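Here's the structure we're looking at; comments come further down.
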Amino acid sequence: MRSVGASHIGKVRTENQDRIFFHDQPVGNLKNLYIVADGMGGHRAGGHASSFAVERFVQLIEESKQTDPIELMKSSIASVNQEMIAESQSNEEYRGMGTTFVAATISDGKVTVMNIGDSRLYYGNQELTQITVDHSYVEELIHAGIMEREEGRFHPKKNVITRALGTVMATPDFFEFDAKDGYLLLCSDGLSNMISDEELKELLLDHSQIANKVKQMITRANEYGGKDNISLVIVDLKR
């Protein structure tokens with residue numbers, strides 16, 4: 001695998017509360033690991049939440065003896081969540097902190113994905129497919145048929161998250177699919193809220209190098225307003 005990632009403060013926020021991790025070589029018993037987290041909870045708390053979640057999750061993966069990717073990620077994220085809740089209860093500065101979290105690993109052409117919140121994973125190969133399902137108020141309306149997906153992009157409650165790491169509502173979803181070609185795109189909502197899926201498809205599936213794809217996506221999100229931190233990791237699955 002080959003991956004490139006970047007995180008940008010955007011044009012409105014005063015600090016970057018997103019964190020990313022991308023490693024094409026083994027991390028513990030996983031053959032590779034890719035993560036995007038988008039912190040929440042106000043000044044300092046959001047940045048601490050995403051940083052702690054990513055660093056502690058990676059550490060637990062490295063230390064674990066488990067080999068099944070889903071069980072390994074499930075037990076590690078559960079420990080991270082418990083530790084975050086305990087810290088937010090004992091430290092007033094971090095009260096109410098939380099973070100979205102999307103992680104992926106690839107082994108023998110099979111992609112295993114875990115997500116909590118509305119940071120996303122897309123798979124691009126001729127078409128662009130959103131693999132993860134947002135844990136958000138808007139997604140619930142879309143799923144119920146009350147709202148069209150395009151309308152949801154501009155809904156005033158777009159940022160209302162129904163599940164986040166660091167809270168009791170932190171049960172992750174898992175997805176597995178076969179992908180021996182194409183690209184993975186992991187991103188925070190600072191990217192997906194600014195750029196339509198059709199435009200993401202155009203940028204992801206062009207013929208440029210993945211480093212240029214990352215740069216172009218950040219540039220485009222900022223051109224459209226850069227209303228939030230912008231974070232993404234692109235993985236080239238070509239062998």
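Just so you know, these numbers come straight off a predicted model, no measurement behind them.
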Inset, instruction - Would you mind telling me which of Leu121, Asn115, Val113 makes a side-chain contact (heavy atoms from CB on, under 4.5 Å) with Leu186? - result: Leu121
Legend entry - Heavy-atom side-chain contact between Phe175 and Thr112 under 4.5 Å: no
Legend entry - side chain to side chain donor-acceptor pair (under 3.5 Å) evaluation trace for Asp118 with Ser136: CA-CA 7 Å; Asp118 64 352; Ser136 68; 5.8 Å; no
Taking atom types as modelled, find out whether [X] and [Y] have a side-chain donor-acceptor pair closer than 3.5 angstrom.
X: Gln66; Y: Ser75; result: yes
X: Glu87; Y: His48; result: yes
X: Asp173; Y: His135; result: yes
X: Asn222; Y: Tyr224; result: no
X: Ser7; Y: Asn16; result: yes
X: Thr99; Y: Ser50; result: no
X: Tyr183; Y: Lys238; result: yes

Legend entry - Asp189, Thr100, Asp134 screened by side chain to side chain donor-acceptor pair (under 3.5 Å) with Arg120, the one that passes: Asp134
Legend entry - Flag, side chain of Ser51 to backbone of Gly47, donor-acceptor distance under 3.5 Å: yes
Inset, instruction - Determine yes or no for a side-chain-to-main-chain donor-acceptor pair under 3.5 angstrom, with Arg95 supplying the side chain and Ser88 the backbone. - result: yes
Spacing of [X] atom [atom1] and [Y] atom [atom2] [to the nearest 0.5 Å]:
X: Lys213; Y: Gln216; atom1: NZ; atom2: CD; value: 10.5 Å
X: Glu83; Y: Leu165; atom1: CD; atom2: CG; value: 10.5 Å
X: Ile61; Y: Asn29; atom1: CD1; atom2: CG; value: 9.0 Å

Inset, instruction - Provide the closest heavy-atom pair for Leu191 versus Ala221 in the form atom of the first, atom of the second, distance. - result: CD1-CB, 4.1 Å
Legend entry - For the student: nearest non-hydrogen atoms of Ala45 and Glu93, plus distance: CB-O, 3.9 Å
Legend entry - Electrostatic pair Arg2:Asp24 at N-O distance under 4.0 angstrom: no
Inset, instruction - Can you establish whether the number of heavy atoms outside Gln209 located under 6.0 Å from its atom CD is more than 12? - result: no
Legend entry - Within 6.0 Å of CD in Glu127, more than 12 heavy atoms from elsewhere: no
